[in-house]
Amino acid sequence: METRYNHKEIESKWLKNWDEQKNFKPASDANATAKEQEHFSIVIPPPNVTGALHLGHALNNTIQDILIRYNRKLGKNALWIPGTDHAGIATQAVVEKRLFQDEKKTRHDLGREELVKRIWKWKDEYEARITSQLKLLGSSCDWDRQRFTLDPICAKAVRYAFFNLFKKGFIYRGKRLVNWDTHLHTAVADDEIYHETVKGHFWTFKYPLADGSGYIPVATTRPETILGDTAVAVHPEDERYKKFIGKTLLVPFVNREIPVIADAILVDREFGTGSVKVTPAHDPNDYATGLRHNLPMLNILNEDGSLNENAGEFKGLKGEKARAAVVEGLEKSGLLLKVEDHEMQVGKSDRSKTIIEPYLSDQWFVKMDKLAERAMQAVENGEVKFTPARYAKNYLNWLGEKRDWCISRQLWWGHQIPIWHVEKLRVESGELRVEEILKKCFLNRSDIHFYQAENGDWLVCSLEKDLREDEFEGLNLIRDPDVLDTWFSSALWPHSTMGWPGETEDLKDFYPTSVLVTARDIISLWVARMVIFSQENLGKIPFDNVYINPTILDGLGRRMSKSLGNGVDPLDIIEKYGADALRFVMCSMCTENQEARLPVKKEILEDGREINVSEKFEIGRNFGNKLWNAARFLSSYIVGSGEWGVGSCAKLEDRWVLSRLNTVVRQIQNAFENYRFSEYAAVIYHFVWDDLCSRYLEIKKGEISKESSALLSHSLYTVLDLLHPIMPFITEELNSILFPNSQRVILRQWPKANENLIDAEIEKQFEDIFAIVEVIRSVRGRYSIAPSQKITAVASTSANLENCKNMIKDLSGLSDFEFGENLPKPAFSASAVIAGGEVFVPLEGILNEETEIARLNKEVEKAESFIISLNKKLSNENFVKNAPAAVIDGERQKLATQQDIVEKSKAALKELAAFP
RNA sequence: GGGCGAUUAGCUCAGCUGGUUCAGAGCGUCUGCCUUACAAGCAGAAUGUCAGCGGUUCAAAUCCGUUAUCGCCCACCA
């Protein structure tokens with residue numbers, strides 16, 4: 001074995017080996033009886049094929065793999081399904097951007113078919129990359145079950161889900177105000193918008209009365225929308241404007257007549273002029289007002305955001321130009337009253353970074369009220385549990401709004417909506433006739449459903465078959481060109497991946513899944529919708545638990561992003577520190593906190609490439625190396641299989657290490673049960689490093705007896721099991737070296753805590769004795785005595801240390817160690833108080849009185865101030881009366897200990913003073 | 001505006017049911033060591049108004065209120 005752990009070869013070796021041995025597959029695939037086992041299943045939050053994985057993915061997938069490996073070792077039938085998401089708008093946007101950069105072409109130059117072909121190519125490339133990254137991380141997914149949200153299996157689920165919702169009336173089509181991306185020409189969701197504060201203006205202008213008798217002053221930040229105004233609203237109680245209510249105004253430039261209306265909801269009397277222009281087709285509040293007052297909704301924009309024919313002379317102008325032209329026009333016609341600077345929020349599209357326009361268009365929606373209600377219940381009644389629990393609120397708040405979900409996107413990349421519009425052109429005699437024809441065609445077909453939309457259009461939904469334009473005589477069927485919001489297929493993910501709507505073995509064996517591991521920013525977008533669709537499609541919840549992993553930020557508390565250049569590439573970290581190191585640090589970062597900071601620094605590689613790294617990963621690498629070297633040392637002493645029977649051990653340290661080991665097993669189990677991953681990492685880290693290496697191994701290494709070998713072997717063997725979920729590669733490798741005849745770690749049984757071996761008394765006793773070692777070491781440190789230089793020590797204590805004498809000698813570098821009750825202090829000794837006694841280290845010729853006096857004084861000072869507070873507490877009648885007896889006893893004991901320290905230290909001080 | 005969270009050592013963070021883990025870990029710093037598993041290491045050391053204020057309690061880093069600062073989510077800003 002090399003003196004340093006070299007992760008590279010070992011990682012690729014085990015990746016190959018596990019894969020060849022099919023170790024990532026659930027037990028039930030090979031063995032029918034395994035179906036009876038308790039299942040444990042996870043479906044991966046599918047990474048978007050927009051790009052490579054980042055550190056957030058590394059964290060998310062590390063946690064999933066830890067859970068899968070742990071439960072697999074618990075003997076459960078464990079399945080982790082991997083896959084990727086087509087990510088609709090996001091992927092189309094990156095490919096379109098690339099297309100423009102490389103070829104100066106737009107999607108319209110290519111056409112739908114060719115563009116989609118290009119996106120598939122992109123998808124293939126990135127899916128392969130993501131898969132390879134997941135593998136390098138050590139993710140033990142069943143790769144044979146890998147899915148893609150746009151693959152035929154998922155597509156079938158989408159068709160069935162859509163058809164079902166359509167048939168039940170949960171899906172409707174209507175003209176609604178949506179967020180319109182004028183660059184990508186599609187509706188986008190509220191959450192695909194970010195807001196930017198920009199410096200704009202607040203223009204106040206005259207809205208002239210139609211009868212020429214005056215005007216109402218109105219202020220706006222978006223003067224170009226004047227052209228789409230269909231009313232001006234004032235507050236019904238506003239004395240200034242009351243008289244105008246019901247009168248008619250003329251829209252400047254286009255001279256349309258519009259009413260003055262009274263609306264207490266829209267109008268804030270105190271704000272601006274106290275009068276509001278109403279543009280129902282281009283503002284959400286105005287839209288609502290329009291509905292309240294039954295106002296016309298006048299669309300003044302084209303799909304690309306330019307003004308349309310309704311804008312009259314301004315037709316064709318877009319954005320700032322349109323605004324400037326309108327302002328100029330107002331000024332020229334003497335209508336402009338005032339211009340003020342005004343800061344405002346502008347919504348921009350996540351994908352195109354261009355301004356979002358509220359835009360009235362025909363879209364598809366899912367009616368949310370009933371569906372949301374049921375999904376809320378699943379969390380309220382504890383069927384679905386969130387960890388940390390507070391995130392349930394997030395979920396409930398969002399669902400509580402029950403806003404209908406706009407599921408249509410005017411894109412080319414995605415699941416095309418399985419709806420065919422009935423073109424009326426070939427129909428001879430009106431609406432009734434269409435309905436009759438439809439009924440005639442589809443009467444006995446359970447796979448077709450149709451209805452008439454709000455606008456009178458007939459819509460036909462087909463479950464499986466794509467309908468031809470001339471499929472039925474007398475009908476002309478045109479497929480709806482829209483695709484579904486990417487979250488529609490994501491919402492089906494837990495069951496679509498398992499083959500729903502088929503009644504598959506996987507659904508029987510593994511559904512509902514055990515836990516969903518995800519980030520908090522998609523609780524509403526994704527988690528809630530999965531619950532809804534699962535309940536609707538299967539009548540079951542999709543997962544029992546939701547674990548929300550923290551968000552990784554850089555050292556300054558910022559999100560990692562390409563534009564900031566602060567992102568850490570997991571592959572760089574795997575390359576430099578190893579996957580195990582990366583995983584260990586990811587696991588350590590999973591505390592209850594919602595954020596985890598990772599200080600990032602630049603590093604230039606030998607090949608000149610600059611990468612971002614973080615010192616934090618050294619912890620993981622160093623830990624692996626520590627374990628590696630402990631194993632290397634023990635490799636020649638390993639005896640037996642690593643199992644521990646009921647060996648009798650007389651020695652304190654042996655009983656201690658067994659107790660510690662079993663305590664650790666228990667602690668880790670507890671950590672898993674509560675999703676406390678950082679605690680898991682910390683517990684195993686300190687057991688290996690401090691208990692096993694710094695203490696037990698150091699005690700034993702001088703002379704390793706057969707019995708010790710067996711116990712050391714057992715400890716290490718168990719550590720390999722306990723650490724495997726976090727650091728699978730090194731543990732599997734060490735196991736193959738040290739215990740070549742044992743079953744591989746990935747598969748073998750997780751250790752059980754033997755409660756009989758846990759002995760708090762022994763652990764305490766050991767700590768007391770180890771304190772002697774620490775006291776002597778501290779003296780050595782104080783006088784810079786080289787480890788090679790032997791010294792002697794005396795312990796005045798009633799404890800019988802015969803059993804531990806050699807251990808104390810070895811660990812403290814003593815040539816001689818004497819102990820006994822009331823032993824006198826040797827001359828020129830440094831002294832220190834321990835539990836139930838005192839330790840003396842004779843240092844003739846080395847001892848410095850001043851150093852000792854200073855140290856002892858400090859001890860006394862500390863103890864005395866502690867005594868004051870203890871006395872205060874103990875003399876408090878209420879404390880003695882109310883506190884539990886054990887606590888009072890504890891305080892009394894503390895007091896005695898502190899008094900002992902003071903007494904002994906003072907005696908030592910006195911003596912030092914006597915020997916100048 | 002509504003909701004959630006954070007503030008503990010120079011840095012990154014633990015600290016769960018209030019008291020026997022109660023002020024901790026890792027990194028960094030300082031001192032001494034290449035002691036035959038490990039210098040990616042060993043031994044020792046220094047460092048804190050637990051954000052401020054108030055309250056509850058016999059007892060508060062921990063519970064409550066409040067202020068400040070920072071962050072996130074949701075809604076909205078003619």
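Everything numeric in this text was worked out from a predicted model, so none of it was measured. We name chains A, B, ... by the order of the sequence lines, and we start the count at 1 in each one.
- If you check B:A25, B:U20, B:G44 against the side chain of A:His686, the one that comes closest is B:A25.
- Of the inter-residue distances, the one linking A:Tyr696 atom OH with A:Asp691 atom CG reads 12.0 Å to the nearest 0.5 angstrom.
- You'll find the side chain of A:Arg520 reaches within 4.5 Å of the side chain of A:Glu595, heavy atoms only.
- Comparing B:C53 with B:A78, their C1' atoms are spaced 42 Å from each other, to the whole Å.
- Between B:U69 and B:G52, the two P atoms lie 16 Å apart (nearest whole Å).
- With a cut-off of 3.5 Å on both pairing distances, the Watson-Crick or G-U wobble partner of B:G1 is B:C74.
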### Task
Quick one, give me the B/S/- string for nucleotides 8-17 of chain B, reading 5' to 3', where B means a protein heavy atom under 4.0 Å from the base and S means that only happens at the primed atoms, P, OP1 or OP2.
----SSS-B-
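- Of all heavy-atom pairs between A:Val775 and A:Ala832, the closest is CG1-CB, 3.4 Å.
- Rounded to whole Å, the separation between the P atoms of B:G65 and B:G2 comes to 16 Å.
- Taking the centre of each ring, A:Tyr685 and A:Phe623 come in below the 6.0 Å mark.
- Between the side chain of A:Thr591 and the backbone N or O of A:Asn593, at least one donor-acceptor pair lies under 3.5 Å.
- If you take CG of A:Leu396 and P of B:C73, they are 19 Å apart, rounded to a whole angstrom.
- As rounded to the nearest Å, B:A6 and B:C50 have C1' atoms that lie 14 Å from one another.
- Computed from coordinates, the A:Leu874 CG to B:C58 P distance equals 16 Å when rounded to whole Å.
- Aromatic pair A:Phe386/A:Tyr547: ring centres not closer than 6.0 Å.
- One P atom belongs to B:U8, the other to B:A45, and the distance between them is 26 Å to the nearest Å.
- Spacing between atom CD1 of A:Ile619 and atom C1' of B:C27 amounts to 6 Å, rounded to whole angstrom units.
- Per the geometry, CG belonging to A:Asn394 stands 11 Å off P belonging to B:A75, to the nearest Å.
- Proximity of A:Lys858 to the phosphate of B:A46: a side-chain N or O atom is located under 4.0 Å from OP1 or OP2.
- The nucleotide B:A25 finds its pairing partner in B:U12, both defining distances of the Watson-Crick or G-U wobble pair being shorter than 3.5 Å.
- Nucleotides B:G5 and B:C64, compared at atom P, are 10 Å apart to the nearest Å.
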### Task
Sugar-phosphate means primed atoms, P, OP1 and OP2; the rest is base. With that split, encode nucleotides 31-38 of chain B 5' to 3' as B, S or - using protein heavy atoms under 4.0 Å.
SSS-B-BB
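- B:U36 sits 25 Å from B:C30 when the P atoms are compared, rounded to a whole Å.
- On the C1' atoms, B:C34 is 47 Å away from B:G71, given to the nearest whole Å.
- Counting only heavy atoms from C-beta outward, the side chains of A:Phe205 and A:Ile226 approach each other to under 4.5 Å.
- A:Pro284 comes within 4.0 angstrom of no nucleic acid atom, judged by non-hydrogen atoms across all strands.
- Rounded to an integer number of Å, the gap from NZ of A:Lys873 to P of B:G19 is 10 Å.
- A distance of 10.5 Å separates CG in A:Asp580 from CD in A:Glu733, rounded to the nearest 0.5 Å.
- Regarding A:Gln789, its CD atom lies at a distance of 14 Å from the C1' atom of B:A43, rounded to whole Å.
- Rounded to whole Å, atom P of B:U20 lies 17 Å from atom CD of A:Glu767.
- A:Cys587 has its side chain out of reach of A:Ser678: every pair of non-hydrogen atoms, C-beta onward, lies at least 4.5 Å apart.
- Considering only heavy atoms from C-beta on, A:Thr204 stays 4.5 Å or farther from A:Val218 through its side chain.
- A straight line from CD1 of A:Ile193 to P of B:C74 spans 11 Å, rounded to a whole angstrom.
- Among the candidates A:Glu673, A:Arg666, A:Gln667, the single residue satisfying the side-chain hydrogen bond (donor to acceptor under 3.5 Å, both in side chains) test with A:Gln669 is A:Glu673.
- A:Arg777 comes within contact range of the sugar-phosphate backbone alone, with a heavy-atom separation under 4.0 Å but no base atom that close.
- Relative to the side chain of A:Asn878, the nucleotides B:A43, B:A45, B:C58 differ in distance, and B:C58 lies closest.
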